[in-house]
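Below is one structure; the comments refer to it alone.
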There are 2 protein chains.
Amino acid sequence: MAAAIAVADADGIGAVSMRAVAAALHTGAGSLYRYLSSRDDLLDLMVDQAAGELRPYPEAGDDWLDTMLLLARRQLDLYRRHPWLVAVLPRPTAPGPQSLAWFDHCLAVLRPVPAATTTKFEAIAMMIGVTSLFARQETAAPPVGFTGIDLAAYPNLAAAITDPSPSAPRDLFATTVRSVLRGLLVDDAG
Amino acid sequence: MAAAIAVADADGIGAVSMRAVAAALHTGAGSLYRYLSSRDDLLDLMVDQAAGELRPYPEAGDDWLDTMLLLARRQLDLYRRHPWLVAVLPRPTAPGPQSLAWFDHCLAVLRPVPAATTTKFEAIAMMIGVTSLFARQETAAPPVGFTGIDLAAYPNLAAAITDPSPSAPRDLFATTVRSVLRGLLVDDAG
DNA sequence: CTAAAACTGCAAACGCCGTTCGCGGTTTCG
DNA sequence: CGAAACCGCGAACGGCGTTTGCAGTTTTAG
């Protein structure tokens, strides 16, 4: 499993083939099936192993929103360390113990929030999703320039990219996460 | 290409193999390479073809936020019609003409918003991302019950799922999209 | 009209993939 | 010590994306 994660970190999730992992272990591909039922099984184990890196969890502070943002940042860092995670996560699979523990901790942080359980679940799911979106965008190699695009057909886009109006630098991730959590969990801001 | 979309709608993106598409066209797999350079090429064409279904675009109304939400709903409906889209989109690929046209329309809707161009780009990207998150969640077959999970190890989760506090039904998608767009595009709400 | 050029469909083949299976060799346990 | 369990291994199966050479057809040029 550690070998599989090493391969994924180095060459991407596409390089995590049974033969490649087995080769890293100096053994044959078929031998892995003594311990795994399938490749999906291996991926599940890799995900939960990576989720374990989120420990130790930061303590809950005074402001639950700040704490949640800190949790989100930790997860974003995890995605940066293991870019293959964002590609592997969106499979319909049961969460492992480490993932459940992290989810449990999120619920603990949200304890002082007066919202329904269902709402909290949705909010956490959204926070995870938004974090994965940012990780994916960062991973995508070059911020696609508009080379080779006929701008004549897209007037608004043409006008936009020639607009030199500067934007004040800000923490886009923090802004988005806060907006989502506040929008879902705080009544008057819905 | 229409054949490929038909296969994907019926049996998922995994069933879109060169041989399957060729079989639907009563031809051989290799023959497709007379018109496509690779399988990724086919997927790109499928995506842009699907993006064409977003036309005609709804006219911009008085409230740009309402209009953007309507655009997001149209896109969510598209994802519902073609669930394979959410699995195919997150590849690093250049957007096709239909996708660009839709993006251009979004910029037109955001014209009255006093924000930097970069900010608008980020906001649109986030809207697309959040929409895909919802589509993915809907597609994921059964809302995973907590069967077979040892709740003893996760106290907060155990307490949460036994909590019968009802939540007022609300439009989660609208709430989230509005929160994100407002958080990114409206100054005082950051 | 004819000959050359371009295009098209097709089957076979290559190398990769996940997975299964049966074989000997090794370890563990009664 | 013998039996049972476990282990690693190579071969094999079917499927995948893709390449390639060969016929047949269509278009173009002389």
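Residue numbers begin at 1 in each chain, while the letters A, B, ... track the order of the sequences.
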Should B:Phe103 and B:Phe121 be marked as a ring-ring contact (aromatic ring centres under 6.0 Å, His included) after you check the CA-CA gap, both sets of side-chain angles, and the distance that decides it? CA-CA 9 Å; B:Phe103 195 89; B:Phe121 274 49; 5.2 Å; yes
Quick one: A:Arg34 CZ to C:dG25 P, roughly how many Å, whole number? 15 Å
Rounded to whole Å, how long is the line connecting atom CG of A:Leu36 with atom C1' of C:dT20? 15 Å
Base, sugar-phosphate, or nothing for B:Val16, non-hydrogen atoms under 4.0 angstrom? sugar-phosphate
Ion pair check, A:Arg81 and A:Asp9, cut-off under 4.0 Å: no
The side chain of A:Ser31 is closest to which nucleotide in this list: D:dC9, C:dT19, C:dG9? D:dC9
Which nucleotide in the list D:dG8, D:dT18, C:dG9 gets nearest to the side chain of B:Thr27? C:dG9
Between D:dC7 (P) and A:His26 (NE2): distance, integer Å: 19 Å
Nearest listed nucleotide, side chain of B:Ser17, among D:dC22, C:dT19, D:dG17: D:dG17
Decide, yes or no, whether a salt bridge links B:Arg178 with B:Asp171 under the criterion of side-chain N to carboxylate O below 4.0 Å. no
D:dG8 OP1/OP2 closer than 4.0 Å to side-chain N/O of A:Tyr35: yes
Rounded to whole Å, the CD1-P distance (A:Ile13 to C:dC17) equals 13 Å
Close side-chain approach of A:Val180 and A:Val177, heavy atoms under 4.5 Å: no
Tell me whether the OP1 or OP2 atom of D:dG17 has a side-chain N or O from B:Arg39 closer than 4.0 Å. yes
So A:Gly30, base contact, sugar-phosphate only, or nothing? Heavy-atom distance under 4.0 Å. base
Between atom CG in A:Leu25 and atom C1' in D:dC7, what is the gap in whole Å? 14 Å
Grab the CG-C1' distance between B:Leu32 and C:dA11 for me, whole Å please. 14 Å
Closest approach to the side chain of B:Ala29, judged atom by atom: which nucleotide of C:dT19, D:dG8, D:dT18 is it? D:dT18
To the nearest angstrom, the CE-C1' distance between B:Met18 and C:dC10 comes to 17 Å
Within the distance-only criterion (no hydrogens, no angle test), does the side chain of A:Thr27 pair as donor or acceptor with the backbone N or O of A:Ala23 below 3.5 angstrom? no
B:Tyr33 OH - C:dA12 P separation (whole Å): 18 Å
Let me know, please, whether A:Ser37 or A:Ala20 comes out on the 5' side of the other along DNA chain C by nearest nucleotide. A:Ala20
State whether the distance check finds a donor on one side and an acceptor on the other, under 3.5 Å, for side chain B:Arg19 versus base D:dG17. yes
